[in-house]
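Remember, it's a predicted structure, so these values are computed and weren't measured experimentally. When a ligand or atom number is given, it counts from 1 through the structure's own listing order.
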Amino acid sequence: MSNSEKAKGEVRYRTVEDIPGVGPATAEKLKKMGYSTVESLATASLKELTQFLGEKTAYAIITEARKHVISVPFMRADEYMRIRRSVEKLTTGSVKLDELLGGGVETQAITEVYGEFGSGKSQICHQLCVTVQLPREKGGLDGGALYIDTENSFRPERIVQIAKRYSLDPEKVLKRIVYAEALTADHQMYLLDNADTQLKEHNVRLIIIDSLVAHFRSEYVGREMLAERQQKLEKHLHRLVRLARAFNAVAFITNQVMAKPNSFFSDIEPAGGHILAHTSHTRVFLRKSPQPGIKIARLVVSPTLPEGKECLFKITENGIEDVETEKK
Ligand code: ADP
Ligand code: MG
């Protein structure tokens, strides 16, 4: 049993079929909906399940799943504090960038990096796929990664290079990364909706979507499609948050930038609109610096840290690294 499981209390149901009232037919229906594990059922919404199941059955299933995975819905703040202690932090490979994020990228929440093309978003994703596999004393989570790729950005060769920096066996590192290319927005949603078996099987502690909104932006064009696009994005993000909580995983998403509409200044802002702004917990803006290979990260939104701080990091063959002080 993992530490996160211990923190949440005893998990008695190992499979969905173990939940009282779930027969083979119901289990099959749940699987089709993307709920193959007790963990994902515990964070399911009644509305989703009642599309396929009776309300009473759905309610009973969710309640049972929650009993054994998550604690009671009402709790005292000290109890919540105890649950918060199960939140872990994942190193980015750069001490300065970790500091900016309050010790690394947090589990059970979404972290978004946005910036223009070439600002280092996908490189950080690759880096995290390796560091997540490190033991805890080295800043990792001793887990695997899921990489949902929408822009054909994933390069296993980069993983091999970064793995060598940590003296890890590249073959083993590649084996712990589950990769999926999302072909359309709907396909991207389908992949995440059906990810929970993979997450459990590979002990995935890092879920990457690189990039989150690219397909949505290119497929839902114009004002009349905006509402539908935002609805889908919201659903997608909620699913992501719930998986991150259920599996105590880091959710890491990348985002494009666009010119700010109705702005007097030629400012840029992350794409995705209000839905993303309200759901995304930590937002980091990346930009290039005049020095080659060196990028600037700014903490734009954080629930617990002062905003507006910046740091430098560099991208090398080794992945994400600190800039040597003499170069600053
Ligand atoms: P994006 O924000 O568009 O996802 P990337 O994460 O792909 O951008 O970052 C591209 C940057 O990473 C470029 O500046 C590129 O030079 C740098 N980069 C990629 N691979 C390497 C490498 N092996 N060594 C050094 N820099 C690299
Ligand atoms: Mg990229």
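Residues satisfying the salt bridge (charged side-chain N to carboxylate O under 4.0 Å, His left out) criterion with Arg176, sequence neighbours excluded, are Asp142.
At a threshold of 4.0 Å, the pair Lys121-Glu116 does not count as salt-bridged, since none of the basic side-chain nitrogens sits closer than that to a carboxylate oxygen. Using a cutoff of 4.0 Å between basic side-chain nitrogens and carboxylate oxygens, Glu39 and Lys200 are scored as salt-bridged. One finds no salt bridge joining Glu99 and Lys309 here, because no Lys/Arg side-chain nitrogen approaches an Asp/Glu carboxylate oxygen to under 4.0 Å. Of the charged side-chain nitrogens involved, at least one lies within less than 4.0 Å of a carboxylate oxygen, so that Glu88 and Arg136 count as a salt-bridged pair.
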Next on the checklist: For Gln108 and Ser86: C-alpha separation, side-chain torsions, deciding distance, then whether side chain to side chain donor-acceptor pair (under 3.5 Å) applies.
Outcome noted: CA-CA 9 Å; Gln108 300 183 35; Ser86 68; 3.1 Å; yes

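Taking distances strictly below 2.8 Å, the protein N/O/S atoms close to the Mg ion (ligand 2) are Ser122 OG.
Among pairs with a residue in residues 139-159, those fulfilling ring-ring contact (aromatic ring centres under 6.0 Å, His included) read His126-Tyr147, His126-Phe154, Tyr147-Phe154, Phe154-Tyr179, at least two apart in sequence or across chains.
No continuous path of hydrophobic side-chain contacts links Val284 to Val257 [ILVMFWY only; heavy atoms under 4.5 Å].
Listed for the Lys89 side chain is no donor-acceptor partner under 3.5 Å among the backbone atoms of Gly140.
Closer than 4.0 angstrom to ligand 1 by heavy atom are Glu116, Phe117, Gly118, Ser119, Gly120, Lys121, Ser122, Gln123, Arg158, Gln161, Lys295, Ile315, Thr316, Glu317, sorted by chain and number.
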